[in-house]
Structure formats: C-alpha cells, structure tokens
Amino acid sequence: MASHTPEHAAGNTSSKMDKLTALCRRRGFIFQSSEIYGGINGFWDYGPLGVELKRNLKDAWWQDIVRCAPPGPDGQPIDMVGLDCTIIMNRKVWEASGHASGFNDPMVDDRESKQRFRADQLFGLYAGPHTGNSAADRAAVLAAVAGGIAPIISIIASTGGEAAEVLERQGKKLFKERNVPLQISEIAAEFVLLKERGEPRLGVLAAVPIDVLRGRPLEIPSPFTQKTGVLTEPRQFNLMFQTHTGAVQDDSSMAYLRPETAQGIFANFRNVTDTSRVKIPFGIAQIGKAFRNEVTPRNFTFRSREFEQMEIEFFIHPEQAAEWYRFWRDVRFKWWQSIGLTSANLQLREHDRDELAHYAREGAGTSDIEYRFPFTAPGFGELEGVAHRTDFDLRQHAQFSGLGDKLKYFDQQRNERYFPHVIEPSAGADRGTLAILCEAYQDDPGRPSGVVMKFHPRMAPIKAAIFPLVDKDGMPEIAGNIYNDLRKTWNVEMDVKQNIGKRYARMDEAGTPYCFTVDTQTLSDQTLTVRHRDTLAQERINVAEIRNFLSKKLEP
RNA sequence: GCGGGCGUAGCUCAGUGGUAGAGCGUCACGUUGCCAACGUGAAUGUCGAGAGUUCGAAUCUCUUCGCCCGCUCCA
C-alpha cells in the first residue's frame with residue numbers, strides 16, 4: 001500500500017482536484033450555488049448527474065441501514081426506524097444540547113502576526129519553585145497557574161500531551177524567541193524541569209485559563225512569536241445560523257437552523273418509543289440538511305455551510321456500549337468499502353481519549369472513518385464519526401424539558417428504568433459523495449476522453465447507455481424499445497447523435513458502467529454488444545438478457 | 001476573519017489604452033459505421049461586479065464578490 005505513491009499524494013494534488021472540479025462543472029455533477037450572481041461562499045448545487053450520484057448514496061444508506069439493517073452482534077436482525085424532523089426547532093433544544101453556548105468557539109488574534117487561534121487550545125509553560133519535594137513543587141506551580149500567573153511561553157495544542165511534544169520538538173526555538181535564559185533538562189508528560197540562569201525550576205504545561213486570557217491578554221505571550229502585548233481578548237464566533245419564526249423579528253422569535261440532525265432524534269425519542277414498538281437495542285435514522293457557519297468553508301464541497309448528514313442514534317443499555325460501539329464502527333467502515341471506497345485511501349481511525357468531544361469523553365470510544373482526499377493528502381479528512389455519546393443528550397433533554405425521569409426508557413426484560421446510552425454513526429452525505437467522486441476519478445490517456453469515472457455500479461448516476469450504432473436501418477427503433485423498457489427500473493440514457501466513439505467517451509466521463517450498442521447483427525439475431533467501462537472489453541448478449549445482466553451487476 | 005495568489009466563451013488560454021479572439025467542446029446538416037474520425041455551417045461573452053481616471057478601459061486606480069494556498073474550523 002505504502003510502497004506505491006497514491007496518484008494524489010503530494011505533488012499533483014491540486015492538479016487532480018482542479019481536474020476533478022472542472023469535470024464536475026463540465027459534466028453537471030456540482031455547480032457553485034447562485035453562480036450567475038457571483039456565487040456564495042460555502043454553498044454548492046448538485047447538477048443532473050450529481051443529484052443522481054448523491055441520491056444513490058443516500059438511497060443505499062437508507063436501504064442498508066433502515067429497511068434492511070445488518071444483523072447485530074448476536075446475529076439477530078436489528079430494530080431500526082427512520083425519522084424526518086424539521087430543520088428549525090424550539091431553541092431550547094440547542095440550549096440543552098450545549099450548542100447554543102458551546103458551539104461558538106472563542107478565538108484570539110495575534111495583532112502583530114495576524115494569526116488566529118482557538119482560545120481553548122492555548123497552553124502555557126508556567127514556572128514554579130524547585131525545592132526537590134516533587135509533590136509540594138507540583139502543588140505550588142499548579143496553585144500559581146490557578147492564581148492567574150502569566151506563562152513564560154505559550155503553545156497551541158489540543159492537549160497537554162501535545163503541548164509537551166511541541167515543547168520537546170521546538171523548545172530551543174521557543175526559548176530563543178522569548179529570549180529568556182532558560183534550559184529544558186527533562187520533560188515528563190506535562191511537567192518540565194527547567195534551569196533559569198543555572199537555577200532549577202519546575203515547569204508545568206497547562207491550558208491558559210479563559211478568564212485570564214479575557215482579563216489580561218496583553219500579559220500572555222503570543223504562541224506564534226512569544227511576544228507579549230499583541231493578543232486580543234477572546235471573541236465569540238457563533239457557528240449556528242440564526243433566523244426568526246413569525247413575521248416579527250425580535251429576541252423572542254429568534255431561532256436556529258440545526259447544526260446537526262441528531263438532536264431532532266433525541267427530541268423525538270419518546271414519540272418513537274411510544275408509537276413504534278421498538279425495544280432496546282434499537283436505532284433511529286435520519287437523513288437531512290444541517291447548517292454551520294464554518295469559519296472558512298473550503299476544499300470544494302468538503303466544508304460547506306449547508307450540508308447533508310446521514311445519522312443513526314442507536315439506543316442501548318449502558319452495559320452493552322462497548323460491544324455496540326465496535327459493531328457500528330466496523331459495520332460502517334465496511335459499508336463505505338461496499339459502495340466503492342475500496343482503496344487504501346479509506347481508513348478507520350480510533351480517537352485518542354483526550355481529543356474526544358465533551359459528550360463522549362467518558363464513553364467506550366470514538367472513531368472516524370476517513371478518506372485521503374487529494375486536498376488532505378497525505379492526511380485524511382473525516383467522512384463519518386462513530387461516537388459513544390453516553391446518555392448525555394437524553395439526560396440534558398430530560399433536564400431542560402422538565403420531563404426528568406419520564407424520558408427514561410423502561411426495559412421490560414431487565415425490569416429496569418434508565419437513560420439509554422447512544423452509539424452515533426454520523427456520516428456526511430456531501431463528503432461521501434465527494435469521496436466517491438475522488439475515488440472514481442482516473443486519468444486514462446489510453447481512452448478518447450482521457451479520463452474515466454469508475455463509480456461502483458450501485459453509485460453510478462447513469463446505470464447504462466443504449467446506442468444504435470447507426471442512426472438508420474431500424475436500429476434507433478430497437479434501441480428506443482430497450483431504452484423505454486429499462487428506464488422503468490433504472491436511470492439509463494439513449495444517445496443516437498454523432499459517432500460511437502464520442503458517445504462512449506461521454507459515458508466514460510459520466511461514469512456509466514455499461515453501454516449497450518445495437519448493430520447490424522442485432523437485426524438478425526437479437527444480440528447486442530455490452531461495452532464495459534473499466535476494461536473497454538465488449539461481449540455480446542441477447543436483448544432479452546439485458547434486464548438480468550443489469551440486475552446482477554447492480555445488486556449491493 | 002487575516003496573509004499571499006488568481007478571475008476573458010462550457011473548457012484551456014491569447015489579448016497591457018483604440019472594432020473582444022483561437023483551439024477544443026457544444027449544436028445543425030452531410031458522410032462514415034465500435035472508441036472525442038472527416039467536411040460544411042452555427043450558437044455562445046454583464047472580459048467576476050460596482051465606481052473612478054480617460055476622447056476611449058478587458059487593459060490604469062479604488063471598492064467589492066468569488067476561487068486557490070496557509071492559519072483556523074469540522075459531519
């Protein structure tokens with residue numbers, strides 16, 4: 001795998017992505033939203049081919065998750081029901097979920113270097129006394145941090161461990177920029193042994209408290225230059241879109257566009273259990289739009305401000321969390337492979353415990369199913385997150401709605417009332433579509449189009465094309481009959497214009513896996529040629545066999 | 001949001017103050033008949049947008065919008 005460089009590893013990454021976006025535009029997969037008005041940043045439209053592709057992805061998900069859910073760990077069929085809830089909900093939903101307060105990350109700017117970072121990712125190196133009594137020294141320096149002393153050096157990191165790594169790697173450079181006569185002699189996790197002018201001191205790496213940052217930003221050294229006096233106070237960036245319900249726009253009518261579909265499922269948990277006879281373990285699935293005011297939408301459709309999610313909330317008894325977490329993680333990874341993401345560009349990555357979201361920190365784990373996009377290579381970008389959300393959301397809604405224990409689930413078999421835990425596989429439909437496009441794209445100088453989209457037949461926007469070799473001698477009529485029959489079941493196209501090579505080339509760019517061509521021989525023996533997109537090979541089959549042929553090729 | 005780069009036909013680009021162009025693609029007709037072939041013809045432009053300078057702006061200036069790269073964010 002690693003032995004041969006993927007064609008979109010560093011080097012021609014941008015050119016592959018440029019070619020792909022050009023093809024998406026040219027062939028009608030994806031357009032920029034409101035293009036004739038100059039576009040709008042972070043919003044994308046799906047054209048005639050794109051809408052088929054994305055719909056195939058969502059339909060496959062719905063079929064494989066809701067209508068024909070996989071057997072569970074015990075081999076028994078899984079209980080799964082669908083849901084479709086509104087984008088705008090009572091705003092208390094977002095207070096309960098934590099989005100209203102937690103979804104806007106305070107950001108800090110370095111006024112001098114014009115760089116910005118998240119306030120909660122700022123770590124400081126704090127120095128305290130070194131008496132030799134390590135327990136007392138640690139307590140002393142931690143007390144000093146809590147008391148609000150300024151760090152001597154600052155670092156951007158998401159965890160203390162990462163801060164230690166940065167310090168280890170760049171320690172000398174950081175001290176040089178600060179121009180403090182300090183030396184590091186030892187780093188053990190977040191604790192650091194320092195020497196200041198030969199005098200030993202105990203250092204600790206700790207998050208810079210937000211209230212210190214807010215109150216005295218000028219005393220904190222910039223993580224970029226280690227200069228003081230350049231940082232701004234943390235500022236709020238609300239990532240949720242706001243709107244108003246009703247004609248009068250005041251504070252009381254303010255509402256949010258949902259930033260995730262999950263909360264609609266939690267808010268309907270009781271409705272579903274009351275009406276559908278599902279029993280734990282069971283899942284509720286939903287496909288729908290969500291909206292986030294991303295700081296910087298970029299990388300084609302990868303980070304859009306309006307996007308579509310395919311989410312499952314799977315409700316379980318807390319004791320079964322680990323088992324169901326592993327189950328869904330593996331099922332979802334295999335599913336992406338089953339629809340054509342078969343290369344080493346797809347990977348499953350288990351999160352480190354300390355990078356987990358607030359609701360998942362105590363859980364059985366979180367993992368990402370990731371794809372190596374041309375623009376992330378050699379890194380990966382997230383397609384789907386599988387998280388054990390514990391009972392966080394249901395408990396929050398129980399509290400905020402005032403329903404309390406009434407929102408608990410009564411388990412007949414266990415004779416027990418409890419808040420179920422939740423395993424959440426949450427996939428991005430637009431990101432999935434983009435990964436399928438990236439995976440399918442193949443330069444091929446050996447064919448007339450120069451490029452071919454090798455979609456899995458189940459995902460291909462056009463399943464087959466029907467061509468009369470010549471636009472005469474009764475061939476168009478035969479082709480027309482076949483077309484009219486096939487289109488009752490599949491999205492197929494007929495094309496009579498121009499020479500056959502041009503028509504094959506167009507279908508290569510659209511990623512159509514099979515082309516059926518009616519020729520002179522068809523007139524006498526009822527056979528026609530099937531041209532295979534991936535191999536360019538041709539075979540003859542009987543006209544009456546076409547339905548069988550396609551059914552077999554298109555089954556999951 | 002900050003810094004850097006870029007916006008001319010569907011695509012790739014030429015055009016640096018004086019009538020908006022080429023190739024490819026698209027479409028029509030003819031011809032051919034299994035991989036963008038050939039001939040003839042046609043359509044297609046708010047030169048990203050707005051303002052300014054000028055007798056005259058695709059070209060110079062300012063503003064703005066969008067795209068790409070970095071920081072940042074994330075399904």
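Reminder, nothing fancy here: chain letters follow the sequence lines and each chain counts from 1.
Considering only side-chain N and O atoms, A/Lys502 lies under 4.0 angstrom from the phosphate OP1 or OP2 of B/U26. Residue A/Lys19 has no polar side-chain atom (N or O) positioned under 4.0 Å from OP1 or OP2 of B/U12. Contact between the side-chain N/O atoms of A/Asn299 and the OP1/OP2 oxygens of B/C69 is found at a separation under 4.0 Å. Between A/Asn41 and B/C67 there is a side-chain polar atom (N or O) within less than 4.0 angstrom of OP1 or OP2. Between B/C73 and A/Arg305, no contact under 4.0 Å exists linking OP1 or OP2 to a side-chain N or O. Within the structure, every side-chain polar atom (N or O) of A/Gln498 is placed at least 4.0 Å from both OP1 and OP2 of B/G25. For A/Gln32 and B/G66, the shortest distance from a side-chain N or O to OP1 or OP2 is not below 4.0 Å.
Between A/His532 and A/Phe549, the ring planes are perpendicular. Angles over 60° get that label, and only those under 30° would be called parallel.
The partner of B/C2 is B/G70, judged by Watson-Crick or G-U wobble contacts that both fall below 3.5 Å. Under the Watson-Crick or G-U wobble criterion, with both distances below 3.5 Å, B/C62 is paired with B/G50. When both distances must be under 3.5 Å, the Watson-Crick or G-U wobble mate of B/C13 is B/G21. Across every strand in view, B/C27 sits in a pair with B/G41 that passes the Watson-Crick or G-U test at under 3.5 angstrom.
The base of B/C74 is paired with the side chain of A/Arg303 by a donor and an acceptor separated by under 3.5 Å. Looking at A/Arg25, its side chain has no donor and acceptor atom pair within 3.5 Å of the base of B/C11. Scanning atom types as modelled, one donor and one acceptor separated by under 3.5 angstrom connect the side chain of A/Gln538 and the base of B/C34. One donor-acceptor pair, N or O on each side, does fall under 3.5 Å between the base of B/A36 and the side chain of A/Glu509.
In this structure, the side chain of A/Gln226 engages the main chain of A/Ser154 through a donor-acceptor pair within 3.5 Å.
Taking a centre distance below 5.5 Å and an interplanar angle below 30 degrees as the stacking criterion, A/Tyr504 does not stack against the six-membered base ring of B/A36.
Checking B/C34, B/A75, B/C27 against the side-chain heavy atoms of A/Arg431 singles out B/A75 as nearest. The side chain of A/Gln121 lies closest to B/U72 when the candidates are B/C34, B/A75, B/U72.
In this structure, A/Lys289 places its NZ atom where more than 12 heavy-atom neighbours from other residues, nucleotides or ligands lie under 6.0 Å away.
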- Please assess A/Arg447 against A/Asp508 for the test salt bridge (charged side-chain N to carboxylate O under 4.0 Å, His left out), listing each intermediate value before the final yes or no. CA-CA 9 Å; A/Arg447 61 177 79 208; A/Asp508 280 347; 2.9 Å; yes
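Judged by a 6.0 Å distance limit and a 45° cone about the ring axis, A/Arg503 is positioned over the six-membered ring of A/Phe467.
Atom P of B/G7 sits at a distance of 14 Å from the matching atom of B/A49, rounded to the whole Å.
Nucleotide B/C24 holds its C1' atom 11 Å from the CZ atom of A/Arg26, rounded to whole Å.
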